Each structure stands twice: as C-alpha cells, then as structure tokens.
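These values consider heavy atoms only, across backbone and side chains, with no hydrogens, waters or symmetry-generated copies. All ligand and atom numbering here is 1-based and tracks the order in the structure. Keep in mind it's a predicted model, so treat the numbers as computed, not measured.
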Amino acid sequence: MKSRLRPGSGRMSLLVTAGSTREKIDPVRFISNYSTGVFGYEIAREAKKRGHRVTLISGPACPEPPPGVKVVEVESALDMGRAVKKHIKKCDCLIMAAAVSDWRAASPSKRKIKRGRKNKKLELVENPDILRGLGKMEKKILVGFALETERLADNAAEKLKKKNLDLVVANKIGGKTSPFGRNPTEILMLDRFGNKSILRNRTKRELAGVILDKVSELKLDNKFSV
Ligand code: C5P
C-alpha cells in the first residue's frame, strides 16, 4: 500500500490496543465485556493507510486484521499489560482503545467447576491499570479511552489527569444505539491543554481519522519531533 507520508514528514510508530480481555474462571468460562475491537481496528487500519508503522495488540474475537498491521494476540489483562510494556519501547504513541477487564478471578480453577452448590461465590481481584502503570512517559503520546454513561466531560478530565494522558476519547453509552460494534457513535475528545471537541453520530472509521489528526497535532507541539 502506498504511504501518504514522506519519510521524516510525520511518520510515527503507533501501538494500538483493541478489544476486550478475557479473565479465566475455569477452562471453559471467563469474565469479559461487550467490546468488539472495531474502534481499535479502525484506528490501526487508518494509521497504516496514512503511512505510520502500526502494532496492534488485540484481545480475542476481534475483526479481520487490517492489511500490513502487525498483530499481537493476547487474552487476559495481565497478558495485555506485558505486551504493552514490551512493545511501547519502540513506539512514539500508545492508543489504548482496549476495554481491559477491571477484575479477574482470584484463583481460576484448573478443572471445570461443577453445578451443585446453590451459592457459588467467585472472588475477584483488581487488574493492574496498564496506562497508569506506565507512569509519565516523557517522549510518548498516551491516548486513553473511556466508556461512560454520564458526566462524559468530568470523567474524561479525571482520567486524563489520573493516568497522565495526552488525550482522552470518551465514548457515550446509554443512548439510542449501542456504542459497541459498527454503530455510529458520539465522542468527546479532551487533550492535555484542555481543548475539547464533541463529535456526534460519526462512524468509527471517520472518528479514527479525527483521532489520528489530533495525535499528529499533539506530536508536533510535543515533547519531541521526528
Ligand atoms: O476502564 P477505564 O475507564 O479506567 O479505562 C480508561 C482507559 O484506561 C482506557 O484507555 C483503557 O484501555 C485503559 N485501561 C488500562 N488498564 C486497565 C483498565 C483500563 O490501561 N486495567
């Protein structure tokens, strides 16, 4: 595929995460969420089209990988955290679009858990926050996502600060259409300078372009240049 960028004219190495994670309960069951991976895959696809180098860390059951994109498949949040730490060293920007499971089973069973007891209790432990665990990465652009039912702007601002991010993309849930999958969606973008934009009823493909434009803009006045 032909690159739209000339070497040295803004080409970046992007690390994108997508999809859900699966947290094992026993060999046949897991905890997960409704994320389909479409948003992260569209970002990876558009980034590749623009001539960036792209590595996609993908949770299970995601769409067909975009052509030319290196895909690292992971299952759990802990796997995803390890993969991010390994690949981020060579990247200029991390776009953390994955819906990482907040909890995992404290002690997953090696054998299938049988029915029979009326009140089976499942103990959960919190997964580490991958983005937060990276700390302040002076020379990297860090982009987080947020899926919220309310207080979109307040939650986005809170995440930006707490997770040391350069940009937050907050996606609304609870409207007429589900934000999961290929439905058009509404986002609020908030950058580290306090610039805010709201985009309504856009496809994830369109939004992928808008997010990548913003990342390039942040990179220009950033911390580093290529
Ligand atoms: O789950 P939460 O709303 O905090 O997610 C916000 C951002 O943090 C997302 O970009 C998500 O990928 C990231 N995240 C993470 N590690 C987690 C949970 C979320 O990096 N354990």
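- Side-chain atoms of N195 never come within 3.5 Å of backbone atoms of D191 as a donor-acceptor pair (strictly under, hydrogens ignored).
- Regarding atom 13 (C) of ligand 1, its nearest protein heavy-atom neighbour is L131 CD1, 3.8 Å.
- The protein non-hydrogen atom at the shortest distance from atom 18 (C) of ligand 1 is V100 CB, 3.7 Å.
- Nearest protein neighbour of atom 4 (O) of ligand 1, counting heavy atoms only, is K163 NZ, 2.7 Å.
- Among all protein heavy atoms, the one lying closest to atom 1 (O) of ligand 1 is D102 OD1, 3.9 Å.
- If you check which protein heavy atom lies closest to atom 11 (C) of ligand 1, you get A98 O, 3.5 Å.
- Protein heavy atom in closest approach to atom 2 (P) of ligand 1: K159 NZ, 3.6 Å.
- Under a 3.5 Å cut-off, the side chain of D92 and the backbone N or O of S13 do form a donor-acceptor pair.
- With hydrogens and angles disregarded, no donor-acceptor distance shorter than 3.5 Å links the side chain of T203 to the backbone of P184.
- For atom 21 (N) of ligand 1, the nearest non-hydrogen atom of the protein is P128 O, 2.9 Å.
- Atoms of ligand 1 lying under 4.0 Å from at least one heavy atom of G144, given by number and element, are 10 (O).
- For ligand 1, the polar-atom distance check against A99 finds no nitrogen or oxygen pair separated by under 3.5 Å.
- Looking at D79, its side chain never comes within 3.5 Å of a backbone N or O of V74 through a donor-acceptor pair.
- To the nearest 0.5 Å, the span separating CD1 on I88 from OG1 on T55 amounts to 11.0 Å.
- Of the possible polar contacts, one joining the D26 side chain to the I113 backbone as a donor-acceptor pair under 3.5 Å is found.
- The existence of a salt bridge linking E42 and R205 is confirmed by a sub-4.0 Å separation between a basic side-chain nitrogen and an acidic carboxylate oxygen.
- In this structure a side-chain-to-backbone donor-acceptor pair under 3.5 Å is present from T17 to A97.
- Residue-to-ligand polar distances keep L147 apart from ligand 1: every N/O pair is separated by 3.5 Å or more.
- Taking atom 9 (C) of ligand 1 as the reference point, the nearest protein heavy-atom neighbour is F145 O, 3.0 Å.
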